[in-house]
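A quick write-up on the structure given underneath.
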Amino acid sequence: MEVDFKAYHLRGIHARTAEEKQLINQELKDLYDSLTDEDKRIFNLELQKFLATEMGRLGSDYEAIKNQIPEA
C-alpha cells in the first residue's frame with residue numbers, strides 16, 4: 001500500500017481557503033478510516049517516513065539559506 005502523502009501535502013499548501021484545507025484533511029482521514037488494521041499500521045509507517053524525509057529536507061534548505069545570509 002502506498003499513499004501519495006506529497007500530493008496531499010501540496011494540495012493542502014495550495015488550498016485557497018481554510019475550508020478547502022479542511023476538506024483535504026477530511027479526505028485523508030476518511031481514507032485512513034477505510035483501511036484494515038494492518039493497512040493502518042503500514043499507513044502510519046509510511047506517514048512517519050514521509051514526515052521525517054520532509055523535515056530533513058526542510059532542515060537542509062534552512063541551513064543552506066542561513067549560510068547565504070551575511071552576518072551583521
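Note that the numbering runs from 1 along the sequence shown for the chain. The structure presented is a predicted model; accordingly, all values stated were derived computationally and were not measured.
Figure legend: Lys40 and Tyr32 shown as a cation-pi pair, the cationic atom lying under 6.0 angstrom from the six-membered ring centre and within 45 degrees of its axis.
Proximity of Arg16 to Lys21: side-chain heavy atoms (C-beta onward) are nowhere separated by under 4.5 Å.
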Item to complete: Decide yes or no on ring pair (Phe, Tyr, Trp, His ring centres under 6.0 Å) for Tyr8 and Phe50, but give the supporting numbers first.
Response: CA-CA 11 Å; Tyr8 282 100; Phe50 171 76; over 10 Å; no
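A salt bridge between Glu27 and Arg11 is present, with a side-chain N of the basic residue lying under 4.0 Å from a carboxylate O of the acidic one. Ion pairing of Lys49 with Glu46 is absent here, as no side-chain N (NZ or NE/NH1/NH2) approaches a carboxylate O to less than 4.0 Å.
Interatomic distance, CD1 of Ile42 versus OG1 of Thr36, reported as 7.5 Å (0.5 Å rounding). Distance CG/Leu23 to CG/Leu28: 13.0 Å, rounded to 0.5 Å. To the nearest 0.5 Å, the span separating CD on Glu20 from CG on Asn25 amounts to 11.0 Å.
Between the side chains of Gln26 and Asp30, a donor-acceptor pair is found at a separation under 3.5 Å.
Within a 6.0 Å sphere centred on CD of Glu2, heavy atoms belonging to other residues, nucleotides or ligands number 12 at most.
Taking every heavy atom of both residues into account, Ala15 and Ile24 meet most closely at CB-CD1, 4.3 Å.
Cluster membership check: Leu51 shares its hydrophobic cluster with Val3, using side-chain heavy-atom separations under 4.5 Å among Ile, Leu, Val, Met, Phe, Trp and Tyr.
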